[in-house]
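The block underneath contains the structure these notes are about, expressed in structure tokens.
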Amino acid sequence: MKKPISISFCISDNYARHLAVVIASILVNNPDDDFVFHVVHHSVTSESEAKVRELESMYPRHKIVFHKIDPSLFEKFPIPPTLEHITREMYYRYILPEILIDEERTIYSDVDVLCVQGGIRKLFEMDLGGSPIAAIRKLKGNDKSYCAHMTRMGLSQDSVYYFSGMFVMNIEKLREMNFFDACMSKTVEKSDELLFPDNPC
């Protein structure tokens, strides 16, 4: 029997309804696979959680696990004026290796990503080649807005730039690397320079 596919999200209560849509899209399009969905948060209400958990009744083979964390861990992290639409939960992905102690790897996803076809297991089980994280490289754009965005981040037009909304994480390897502590200290160190902390490069 294949291990359930682990998928993780980091949300505030305002995004709970979007989370339910994302999970439903995954389940509908991958009927032959089992899933465990991890939801990291500090503000999801019991009412919102109950709404999301209705999917467990509709799809009883799958699990949805809510992990409530202490928001004070991240309260000093910046929300730059360039990211007024983003919440501090963007930093919560740092803590995944510390709380997913029973997982070898997980797919991290934002909740503005929909699954429109099957094949997620292929992504989940992809060969990471010894790397702790697999991310999607963003194709270089030639339009003025793309070039201006790269300039604002202090990057050249030829810099390698990755999509931060979804990646595969080798949880065990990241834990061995002290990923959480490293990310926390580096974010504090670079807080004055983080114009777009949700956009790794």
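Quick caveat, the model's predicted, so the values are computed rather than measured.
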Within the distance-only criterion (no hydrogens, no angle test), does the side chain of R61 pair as donor or acceptor with the backbone N or O of P31 below 3.5 angstrom?
yes
Within the structure provided, determine whether F180 and P97 are in side-chain contact (heavy-atom separation under 4.5 Å).
no
Please list all pairs meeting salt bridge (Lys or Arg N to Asp or Glu O under 4.0 Å) that have one or both residues in residues 64-73, counting only residues at least two apart or in different chains.
none
Between the CD atom in E103 and the CD1 atom in I171, the distance rounded to the nearest 0.5 Å is 8.0 Å
Can you classify the ring geometry of H62 versus Y59 as parallel (below 30°), tilted (30 to 60°) or perpendicular (above 60°)?
tilted
So CD1 of I5 and CG of D33: to nearest 0.5 Å the spacing works out to 4.0 Å
Any side-chain heavy-atom pair of K2 and D34 under 4.5 Å
no
At their closest point, which heavy atom of N29 faces which heavy atom of V116, and how far apart are they?
OD1-O, 3.6 Å
pair F66-V52: side-chain heavy atoms closer than 4.5 Å
yes
I need the full list of side-chain hydrogen bond (donor to acceptor under 3.5 Å, both in side chains) pairs touching residues 165-182, with sequence neighbours left out, sorted by first then second residue.
none
Please check if any side-chain donor atom of S43 sits under 3.5 Å from a side-chain acceptor atom of D13, or the reverse.
no
Connected via hydrophobic side-chain network under 4.5 Å: V168 and L114
no
Would a 4.5 Å heavy-atom cut-off, applied to side chains only, mark F37 and L27 as touching?
yes
Roughly how far, to the nearest 0.5 Å, is the OH atom of Y94 from the CZ atom of F74?
8.5 Å
May I ask you to decide if G119's main-chain N or O and N30's side chain share a donor-acceptor pair within less than 3.5 Å?
yes
Residues I95, M184; criterion side-chain contact (heavy atoms from CB on, under 4.5 Å); working and verdict:
CA-CA 9 Å; I95 208 170; M184 297 292 277; over 6 Å; no
Side-chain heavy atoms nearer than 4.5 Å, only ILVMFWY residues, links allowed to pass through others: does that put M166 and V111 together?
yes
Heavy-atom nearest pair, D102 first then K3, reads O-NZ, 3.9 Å
Would you say the side chains of Y92 and H42 form a donor-acceptor pair under 3.5 Å?
yes
About how many Å separate CG of D32 and CZ of R121, when rounded to the nearest 0.5 Å?
10.0 Å
Which is it for F35 and I64 under the side-chain contact (heavy atoms from CB on, under 4.5 Å) test, yes or no, and what are the steps along the way?
CA-CA 8 Å; F35 291 89; I64 303 174; over 6 Å; no
Would you say H67 and H41 are linked by a side-chain donor-acceptor pair, where the criterion is simply a distance under 3.5 Å?
no
Are the side chains of E89 and Y15 in contact, using a 4.5 Å heavy-atom criterion?
no
Are C115 and V22 close enough, and set up right, to give a side-chain contact (heavy atoms from CB on, under 4.5 Å), and what steps lead you there?
CA-CA 7 Å; C115 178; V22 177; over 6 Å; no
Please tell me whether L96 and I101 are part of a single hydrophobic cluster in this structure, the criterion being side-chain heavy atoms less than 4.5 Å apart.
no
Could you pull out all residues at least two apart from D127 that satisfy side-chain hydrogen bond (donor to acceptor under 3.5 Å, both in side chains)?
none
Does any N or O in the side chain of R105 come within less than 3.5 Å of the main-chain N or O of F124, such that one atom is a donor and the other an acceptor?
yes
D112 side chain near H18 side chain, heavy-atom distance below 4.5 Å:
no
Taking R93 for the side chain and M90 for the main chain, is one N or O donor matched with an acceptor at less than 3.5 Å?
yes
List the steps, then state whether side-chain contact (heavy atoms from CB on, under 4.5 Å) holds for V40 with F9.
CA-CA 6 Å; V40 181; F9 308 93; over 6 Å; no
So, R53 and E49, do they make that salt bridge, N to O below 4.0 Å?
yes
Side chains of V65 and V39, heavy atoms from C-beta outward: is any pair under 4.5 Å?
no
Between T106 and S8, is any side-chain donor less than 3.5 angstrom from a side-chain acceptor?
yes
Would you indicate whether the side-chain heavy atoms of I7 and Y108 approach each other to under 4.5 Å?
no
Using the rule that two of Ile, Leu, Val, Met, Phe, Trp, Tyr join whenever any of their side-chain heavy atoms come within less than 4.5 Å, decide whether V21 and I11 are in one cluster.
no
How long is the gap from CD1 on I69 to CD1 on I99, to the nearest 0.5 Å?
6.5 Å
